[in-house]
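So you know, we letter chains A, B, ... as the sequences are listed, proteins then strands, and number each from 1. Everything numeric here is computed off the predicted structure, so don't read it as measured data.
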Amino acid sequence: MIITRFAPSPTGYLHIGGLRTALYSWLWARKNSGKFLLRIEDTDLSRNSDEALEAILKAFNWVGLDHDGEVLYQSKRFDIYKSYIQKLLDEGKAYKCYMSKDELDDLRASQEAKGERPRYDGRYRDFSGTPPEGVNPVIRIKAQQDGFIEFEDGIKGKIKIAASEVDDFIIARSDGTPTYNFVVAIDDYEMGLTDVIRGDDHLYNTPKQIVVYEALGFKLPKFYHVAMINNEKGKKLSKRDGAADAMDYKRNGYLPEALINFLVRLGWSHGDQEIFSIEELIELFDPSNIGKSASSYNLDKLLWLNAHYIKNSSNDKLLALLKDFGIDSDNSDIMLDIIDITKDRAKTLVDLANEINFIVKAPTSYDEKALKKAFKGDAVEILDDFVANLELDKPTNKEAYHKSMESIIESKEIGFGKLGQPLRVALLGAMRGPGMDSVMDILGVDEIKSRVESIKSFLKR
RNA sequence: GACCCUUUCAUCUAGUGGCCAAGGAUAUUACGUUUUCAACGUAAAAACAGAGGUUCAAAUCCUUUAGGGGUCGCCA
């Protein structure tokens, strides 16, 4: 059985980089009928936030990622970690280090001055004398000193790091609380993880965790290190880019399926295919197809995908989603008709709401260029005749409105634009929008007449 | 600075020694369609980071240079 996990630290919103690795883990578990577990990394008690956890769960819920079993909190497992620490101490695989923070700082400074990689020098590794007074020791683990620490990464292949790069790192702070690399190894083991998929900013943590695995005799899971997502300039994606928080996408009118499709293709591919449903992803996803290099975030493609998913969503579904964007659904029959003629032209739900309002609300101003272009010659007269005609014809569907337009054009021997353009500006305020016949069918004769009257009085001023 | 990872069109990518004078998608440009703007359709332009090797044959393997990213905490 494949068991994967997502293990955020609750320090803020859910970052789309995190969402992507969570998605990969989730897909891999679902494809293999395995389990996807959620663990909260809150060992640093000074930096906890319930809101942050809630934000993560909310985002998961929005995109449709579900986790199996209870959420595991590291802060509630300190007893377990302590017993493992004691075990290592008893077996001589870990030791107490009485070095003060100041001493550590000095050591680092002198190493850096020599151009060396800063690391602990092992001075208490075999210490058996009298410990200095008044110092609460930290616990350090004995790391392998010679040779190499190697592992096979499922994405990047063989990773080989000299043992001298990994020092005897701290597994318990002087206050007794355990540290990240230690608890991760224990929890990943105890949760039965088979496949650990995470960002490649963790690549250097893996050898440290392997030290713990080996000291405790645990079997190693398979590791996959996914390259980072950069911003459009190729730099690391940060808060300042305004694209990092997953829930911002909801607020900005993106559909979760578009975001999922976008994120999954950012770094993973399946031949030439671009559009993937969740079902297809579960069937096709394989972490060995994840690319090795960092990818740049590209908003255009996300917009394209979002437009695609909007276009292919049912009108009912869109109407429900549009509630958050100020479109009320009281008049749902008409709204559904409006959505039907506008959804092809929107890239986001915000766009779609705007398109809808364009039709629902009578124009309060008119685009100047459009006015100039449309109202030349006898445009007003043509509009008047057209409206008079409508009152006689009383069209009841789109086709009938079209015929009404045609009859004016034929009798006056003019081009379609001579009527269409002024009519469009009168009804919508600008030279844009869906076909006039569809719009008129929704507005009805009375509303058309009133909007034509409005533009006439506007023109007189 | 040290160490690790990485490098195909502007961007996401296909590519696992011959099917590649490198394919798809987005973006761009042109044309078509439309009363308009989109959407849509057709087409164009656009890349193997550089240098050496190995091989009958290299985008693919090796070496090296350069660029980009990451890590060096009693943070996670």
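Between A:Lys158 atom NZ and B:U6 atom P the separation is 14 Å, expressed in whole Å. What separates CH2 of A:Trp304 from P of B:G24 is a distance of 14 Å, to the nearest Å. Remark: C1' of B:C72 and NZ of A:Lys114 are 16 Å apart, rounded to the nearest angstrom. Note: OH (A:Tyr297) to P (B:U13) measures 14 Å, nearest angstrom. Rounded to an integer number of Å, the gap from CG of A:Leu302 to P of B:A25 is 19 Å. Atom NZ of A:Lys208 and atom P of B:U71 are 12 Å apart (whole Å). Atom CG of A:Leu237 is separated from atom C1' of B:G69 by 13 Å (rounded to the nearest Å). Atom CE in A:Met99 sits about 12 Å away from atom P in B:G73, given to the nearest Å.
Taking the six-membered ring for Trp and the full ring otherwise, A:Tyr309 and A:Trp304 have centroids separated by 6.0 Å or more. In this structure, the ring of A:Tyr81 has its center no less than 6.0 angstrom from the ring center of A:Phe182. Ring-centre distance between A:Tyr24 and A:Tyr224: not below the 6.0 Å cut-off. The aromatic ring centroids of A:Tyr204 and A:His225 lie 6.0 Å or more from each other.
Side-chain polar atoms of A:Lys236 and A:Asn231 form no donor-acceptor pair below 3.5 angstrom.
Here the side chain of A:Asp437 pairs no donor or acceptor atom with the backbone of A:Lys403 at under 3.5 angstrom. A:Thr342 places no side-chain N or O within donor-acceptor distance of the main-chain N or O of A:Glu355, the cut-off being under 3.5 Å.
Distance check on atom C1': B:G18 versus B:A59 gives 13 Å, rounded to whole Å. Between B:A25 and B:U65, the two P atoms lie 39 Å apart (nearest whole Å). Comparing B:A21 with B:A46, their C1' atoms sit 16 Å apart, to the nearest whole Å. Using C1' as the reference atom, B:U11 and B:C4 are 27 Å apart when rounded to the nearest Å.
Between the base of B:C12 and the side chain of A:Ser295 there is no donor-acceptor pair shorter than 3.5 Å. Donor-acceptor pairing under 3.5 Å, judged by distance alone, is absent between the side chain of A:Lys101 and the base of B:C74. A donor-acceptor contact under 3.5 Å is not formed by the side chain of A:Asp201 with the base of B:G70. Side-chain to base pairing of A:Asn205 with B:A76: one donor and one acceptor N or O lie within less than 3.5 Å of each other. The base of B:G24 lies outside donor-acceptor range of the side chain of A:Gln273, with no N or O pair under 3.5 Å. Side chain A:Arg424 to base B:U36: a donor-acceptor pair is found below 3.5 Å.
Contacts between residues 363-376 of chain A and RNA chain B, defined by a heavy-atom separation below 4.0 Å, involve no residue at all. Of the residues in residues 435-442 of chain A, those placing a heavy atom less than 4.0 Å from an atom of RNA chain B are A:Gly435, A:Met436, in numerical order.
OP1 and OP2 of B:C4 both lie 4.0 Å or more from every side-chain N or O belonging to A:Lys156. Taking only side-chain nitrogens and oxygens, A:Arg108 comes nearer than 4.0 Å to OP1 or OP2 of B:G73.
Taking the ring axis of A:Tyr401 as reference, the NZ or CZ atom of A:Lys398 does not stay both within 45° of it and closer than 6.0 Å to the ring centre. Figure legend: cation-pi geometry between A:Arg140 and A:Tyr95 absent, as NZ or CZ is not positioned both under 6.0 Å from the six-membered ring centre and within 45° of its axis.
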Q) Between A:Tyr366 and A:Phe458, does a ring-ring contact (aromatic ring centres under 6.0 Å, His included) hold up when you go through it step by step? A) CA-CA 9 Å; A:Tyr366 300 97; A:Phe458 175 84; 5.0 Å; yes
